Structure formats: C-alpha cells, structure tokens
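Keep in mind that what you see is a predicted model, and the values were worked out from it rather than measured. Reckoned from all heavy atoms, side chains included, excluding hydrogens, waters and symmetry mates.
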Amino acid sequence: QVQLKESGGGLVQVGGSLRLTCDASGRTLRNYYISWFRRTPGKDREFLADMGLGRGDARYRDSVKGRFTLSGDTVFLQMNNLTVEDTATYYCAAGQVQSTAWDLNDAWGPGTEVTVSS
C-alpha cells in the first residue's frame with residue numbers, strides 16, 4: 001500500500017514561492033496519478049492539479065494556472081506568486097484513475113500547512 005507524506009509548507013509573504021514535495025513509500029507510484037488538493041477552514045477541499053507520473057500530462061485548476069507547476073517523479077508542486085487566498089492545508093493524493101475527486105484516490109498524505117502573509 002502506498003503511503004504519502006507532504007513536505008515544504010511554511011510561512012511566506014505575498015508574492016513569494018514555496019515548493020511542496022509529495023514523498024511516497026510502500027510501493028512504486030508508476031502508473032499512478034498524483035493529485036494536489038487544498039483545504040481552508042470552512043471550505044470544501046478543492047482540487048488543484050494532477051499529473052500521471054512519467055506522462056507529463058499535468059492539468060491545473062484555473063485559479064492556479066501559470067502560478068503552480070507540477071514536476072518530477074517525486075512530485076513537486078512549485079507555487080509562485082502566492083496570495084493570501086493560497087493560505088491552506090495542502091494535500092497530495094495518489095490514484096490509478098485521473099480524477100478531480102478526492103475520494104477516487106487510493107492514498108492521501110496528512111497535509112502540510114501553507115500560510116501566506118500580507
């Protein structure tokens with residue numbers, strides 16, 4: 001079974017950048033899709049981006065296109081030009097089906113906090 005853990009969260013100022021990493025253990029993620037989600041208090045969890053490992057077929061939520069980029073076999077989420085609205089808990093997930101739905105993944109990380117200050 002796949003175990004995931006996010007890292008790279010922290011405090012950053014508006015306009016700054018962070019790179020989140022999704023580390024996997026337990027089994028290879030080959031043939032999996034890695035997705036990133038985030039959640040802020042009082043709001044539903046929202047899909048941000050996903051990519052099939054080794055496929056280069058990344059897709060993004062409109063609100064983060066041009067600012068967030070997925071890359072790498074150990075999937076990185078590069079976040080640039082951060083705004084206060086990006087403050088949230090960020091999660092990675094792995095699934096064998098490409099989907100924007102949280103529940104259709106097979107494994108989820110515990111999350112990492114990102115705080116963007118003005």
- Message: Let's go through N80 and F68 carefully: what are the C-alpha distance in whole Å and the side-chain angles of both, what is the deciding distance for side-chain contact (heavy atoms from CB on, under 4.5 Å) to 0.1 Å, and is it a yes or a no?
- Response: CA-CA 6 Å; N80 298 326; F68 290 11; over 6 Å; no
- Run the side-chain contact (heavy atoms from CB on, under 4.5 Å) check on V2 and D106 step by step: do they pass? CA-CA 8 Å; V2 175; D106 301 310; over 6 Å; no
- Task: Let me see the working for M79 and L20 under side-chain contact (heavy atoms from CB on, under 4.5 Å), right down to the final yes or no.
- Result: CA-CA 8 Å; M79 308 189 296; L20 305 184; 3.9 Å; yes
- Item | Candidate pair W36 and E6, rule side-chain contact (heavy atoms from CB on, under 4.5 Å), full reasoning | CA-CA 10 Å; W36 286 89; E6 307 88 348; 4.0 Å; yes
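Both Y90 and V84 are assigned to one and the same hydrophobic cluster, defined by single-linkage of ILVMFWY side chains at heavy-atom distances under 4.5 Å. Put simply, V75 and L18 are part of the same group of oily side chains (I, L, V, M, F, W, Y) that touch within less than 4.5 Å, one to the next. If you chain together hydrophobic residues whose side chains sit under 4.5 Å apart, L82 and L11 never meet in one group.
Within the 4.5 Å cutoff, the side chain of D23 has heavy atoms near those of the S7 side chain.
Applying ring-ring contact (aromatic ring centres under 6.0 Å, His included) to Y91 and the options W102, W108, F47 leaves one that passes, W102.
With hydrogens and angles disregarded, a donor-acceptor distance shorter than 3.5 Å links the side chain of D57 to the backbone of G52. Between the side chain of Q96 and the backbone N or O of Y32, no donor-acceptor pair lies under 3.5 Å. Between the side chain of T87 and the main chain of T115, no donor-acceptor pair closer than 3.5 Å is present. Under a 3.5 Å cut-off, the side chain of R67 and the backbone N or O of N81 do form a donor-acceptor pair. T83 places a side-chain N or O within 3.5 Å of a backbone atom of E85 that can act as its donor or acceptor partner.
The shortest non-hydrogen separation linking T40 to A88 is CG2-CB, 3.4 Å. Pairing each heavy atom of S118 with each of V14, the nearest pair is CA-CG2, 3.7 Å. Heavy atoms only, all atoms of each residue included: S35 and N105 are closest at OG-OD1, 4.0 Å. Considering every non-hydrogen atom in both R39 and K43, the closest pair reads NE-O, 3.4 Å.
Residues passing the salt bridge (charged side-chain N to carboxylate O under 4.0 Å, His left out) test with E46, sequence neighbours excluded: R38, R61. In this structure D62 satisfies the salt bridge (charged side-chain N to carboxylate O under 4.0 Å, His left out) test together with K65, sequence neighbours excluded. Scored by the side-chain contact (heavy atoms from CB on, under 4.5 Å) test, R19 finds F76, Q78 as partners (sequence neighbours excluded). Partners of R59 by salt bridge (charged side-chain N to carboxylate O under 4.0 Å, His left out), not counting sequence neighbours, listed by chain and number: D50.
Grouped with Y33 in a hydrophobic cluster is no other residue, since no side-chain heavy-atom contact under 4.5 Å to another Ile, Leu, Val, Met, Phe, Trp or Tyr is found.
The disulfide bond (SG atoms under 2.5 Å apart) contacts involving residues 77-118 comprise C22-C92, where partners must be two or more places apart or lie in separate chains.
Rounding to the nearest 0.5 angstrom, the gap separating the OH atom in Y60 from the CG atom in L48 is 11.0 Å. With rounding to the nearest 0.5 angstrom, the CG atom of L70 is 9.5 Å from the CD1 atom of I34.
Judged by distance alone, the side chains of T89 and E113 do bring a donor and an acceptor atom under 3.5 Å apart.
Summarising the local packing, CD of Q13 is surrounded by 12 or fewer heavy atoms from other residues, nucleotides or ligands at distances under 6.0 Å.
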